[in-house]
Number of protein chains: 2
Amino acid sequence: MPQPRTAARRVTIVEVARHAGVSTTAVSKVLRNAYGTSPQMRSRVRAAVDRLGYRPSATARALRGRTWTVGVMLPDVRNPFFADILDGVAEHLDDTEYQLLMTCGGNDATSEARVTEAMIDRSMDGLILIAPVSSPAHLDGIARTVPTVVIGRHSHSARYDTVNDDDFTGAGLVVAHLAGLGHRRIAHIEQHETDRVRLAEMPNALRADGYRHAMRAHGLGEHIDIASTTYTRDGGHLGARLLLARPDPPTAIFAGADVVALGVLDALTEAGLSAPGDISVAGYDDITLAAFRTISLTTVDQAGHHIGVTAAGLLLDRITEPGRPAAHVKLTPTPVVRGTTGPPR
Amino acid sequence: MPQPRTAARRVTIVEVARHAGVSTTAVSKVLRNAYGTSPQMRSRVRAAVDRLGYRPSATARALRGRTWTVGVMLPDVRNPFFADILDGVAEHLDDTEYQLLMTCGGNDATSEARVTEAMIDRSMDGLILIAPVSSPAHLDGIARTVPTVVIGRHSHSARYDTVNDDDFTGAGLVVAHLAGLGHRRIAHIEQHETDRVRLAEMPNALRADGYRHAMRAHGLGEHIDIASTTYTRDGGHLGARLLLARPDPPTAIFAGADVVALGVLDALTEAGLSAPGDISVAGYDDITLAAFRTISLTTVDQAGHHIGVTAAGLLLDRITEPGRPAAHVKLTPTPVVRGTTGPPR
DNA sequence: TTGAAAGCGCTAACAG
DNA sequence: CTGTTAGCGCTTTCAA
């Protein structure tokens with residue numbers, strides 16, 4: 001039997017139609033469960049599809065209808081918190097026809113613009129943007145072009161939905177826990193913002209606000225002490241060094257994110273100190289690693305999985321009904337007390 | 001000035017051509033730097049492109065030429081080792097026109113098939129599969145359809161390139177290090193394989209082989225002791241518990257992957273033991289977390305970043321010249337000695 | 001209920 | 001060097 005020597009060309013709708021003895025229109029209709037197909041036509045078409053191993057070309061479909069593709073932009077593959085969100089998104093999408101495709105935004109507006117444009121160029125049906133750093137105007141522009149849901153931005157846009165953790169409250173939970181243990185000099189490591197819009201929208205800014213507010217509420221306003229660095233391990237390391245060098249160093253550090261807390265622990269080890277013996281440390285996010293016994297980090301669970309499921313649900317709704325009013329969901333965080341916090345010595 | 005109330009339709013090549021006063025062919029040629037365009041035509045077209053903010057539709061291009069999209073399948077977003085590979089791939093692609101899109105294969109053949117089909121349906125120009133679990137026949141089928149590079153499978157297919165760490169040698173490095181410290185009862189935690197093909201192709205199987213071989217080479221054949229679990233944190237936890245329960249427990253544990261070693265450390269902490277005081281622990285991969293001072297894990301650096309760069313290079317070559325003979329690259333691992341290994345007590 | 005035909009945005013022969 | 005023309009695989013009016 002002669003074999004073609006080139007890569008087998010893909011089976012197209014034309015071949016399916018020929019084998020089934022019907023028109024391409026008919027095949028298309030059956031595939032999309034469209035109106036106006038007889039049972040026998042359906043079964044003949046389905047048989048031909050199976051026999052030939054036909055799969056529709058998403059790119060050809062894109063020129064007329066949808067691609068059944070949802071794009072997720074995440075800032076960084078390394079931050080394990082985003083994995084929880086992704087799991088949630090994937091779980092919701094698994095029950096649908098949609099395929100998930102991911103890209104990295106790189107925590108940088110230029111790179112984010114490149115990546116979102118790339119997803120739009122590829123005719124994705126909808127986008128989920130996780131913790132984007134682009135300006136609200138730019139996000140609005142994206143949302144005008146394609147159905148969009150934003151995670152981790154407290155904005156009030158009418159064009160896209162948002163899903164957030166209540167960061168302000170979450171920060172308060174940490175302060176309450178530490179104050180309850182008897183700490184007074186509770187310091188915070190934040191990722192600094194200067195831009196007015198970002199001060200209002202970014203989770204890190206709201207956590208810092210929540211920290212300040214809660215400190216005052218507990219009568220600890222005079223002990224407010226913030227080290228401004230970044231939400232990275234290095235940022236935590238630097239922040240801890242700054243705080244430890246104070247004339248009167250804190251007895252507890254609330255890091256704005258778990259990765260930051262890891263950097264803090266690193267700096268403590270380096271300085272010959274340990275948590276909670278010498279100093280208490282708390283994070284935010286409850287990444288999987290926080291539960292790791294060797295670390296056992298006290299933190300705040302913002303239910304990444306649930307955030308992902310919610311965002312995926314909103315996106316599919318929005319794809320179906322692009323003009324519908326924007327939903328802005330805020331989820332309640334819960335404190336997770338583990339081994340890195342204890343009473344001050 | 002009246003504003004359209006619906007979402008602005010995308011600018012197409014036709015409009016660019018009209019504004020520039022040339023044919024669509026001309027625009028297409030200029031955009032692709034194709035042969036046969038005069039300087040003035042080029043500048044007029046470019047001006048129109050900029051003015052109108054035109055971006056080519058990747059999906060429309062897909063029907064004729066390439067999509068300038070490379071798909072990467074990774075088994076799992078959580079394993080931080082894959083992030084190193086991704087960085088390498090992204091770095092290499094950043095200098096090109098290609099856009100990277102990722103999917104999760106889920107460490108499961110059925111799910112991998114779904115995901116690879118999805119990428120093929122979307123006309124991706126090439127695929128990089130990281131540590132796939134599908135059968136060689138299935139991988140061959142994929143590679144017949146689209147240019148493919150496989151990372152983390154020691155296969156010898158003529159259809160796709162592979163990039164691997166020399167796992168056999170790497171395992172030997174760990175045994176040599178531990179034996180050099182004076183350990184004799186060195187145990188190993190592996191991810192078990194029974195299938196003949198997988199025994200020959202999977203990195204975990206080669207690491208176990210390398211362990212056995214090195215133990216014998218060091219005259220420690222009688223102390224070979226393997227706990228068969230999985231390459232996960234839980235697998236490490238379970239493996240350590242099994243090994244600690246032996247009548248004569250090991251003085252050193254070589255975990256087949258860093259995530260496994262984290263599970264081992266977890267089990268040690270639980271049992272009131274520590275590394276390297278009570279027992280030495282080594283991993284494999286050198287994930288970023290291994291350098292974290294609180295952990296300071298001895299491991300093997302398999303240069304994930306370099307693997308990624310190499311794979312991306314091979315893929316672009318293969319896209320250009322699909323028929324070229326397959327390259328099978330094996331990179332040399334280097335030992336990274338940190339704080340979790342020391343002399344036996 | 002069914003199918004012919006037009007066209008989505010782009011590229012590639014082929015003429016001029 | 002430039003433009004006309006014919007599709008790529010699919011969906012969608014619109015007649016039959």
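These numbers were taken from a predicted model, which means no experiment stands behind them. Every chain is numbered from 1, with letters handed out A, B, ... down the list of sequences.
The nucleotide whose nearest atom lies closest to any side-chain atom of Ala26(A) is, among dG3(C), dT11(D), dC10(C), dG3(C). The Lys29(B) side chain lies nearest to dG3(D) when the options are dT11(D), dG3(D), dG9(D). Minimum atom distance to the side chain of Leu63(A) is reached by dC8(C), of the listed dC8(C), dC10(D), dT11(C).
Between His305(A) and Glu91(A) there is a side-chain heavy-atom pair separated by less than 4.5 Å. With a 4.5 Å cut-off on side-chain heavy atoms, Leu316(A) and His92(A) count as touching. Here the side chains of Leu101(B) and Met124(A) are in contact, with some heavy-atom distance below 4.5 Å.
The side chain of Arg64(B) contributes no N or O atom lying less than 4.0 Å from OP1 or OP2 of dG9(C). Between Thr37(B) and dC1(D) there is no side-chain polar atom (N or O) within less than 4.0 angstrom of OP1 or OP2. Between Ser23(A) and dT2(C), a side-chain N or O to OP1/OP2 separation shorter than 4.0 Å is absent. Contact annotation: Arg10(B) does not reach the phosphate of dG9(C) (side-chain N/O to OP1 or OP2, under 4.0 Å). A sub-4.0 Å separation between OP1 or OP2 of dT2(D) and a side-chain N or O of Ser38(B) is present. Between dG9(D) and Ser57(A), no contact under 4.0 Å exists linking OP1 or OP2 to a side-chain N or O. Contact annotation: Thr59(A) does not reach the phosphate of dG9(D) (side-chain N/O to OP1 or OP2, under 4.0 Å).
Within the 4.0 angstrom heavy-atom criterion, only backbone atoms of the sugar-phosphate kind lie near Val22(B); the bases stay farther away.
Side-chain contact of Asp125(A) with Thr69(A): a donor-acceptor pair under 3.5 Å is absent, judged by distance alone.
Mapping Thr12(A) and Thr24(B) onto DNA chain D by nearest heavy atom places Thr24(B) at the nucleotide closer to the 5' end. Toward the 5' end of DNA chain D, the nearer of the two residues Ala60(B) and Gln40(B), judged by each one's closest nucleotide, is Gln40(B).
Thr25(A) contributes no side-chain N or O that forms a donor-acceptor pair with the base of dT11(D) under 3.5 Å.
The residues Asp108(B) and Arg114(B) are annotated as not salt-bridged, no charged nitrogen and carboxylate oxygen being separated by less than 4.0 angstrom.
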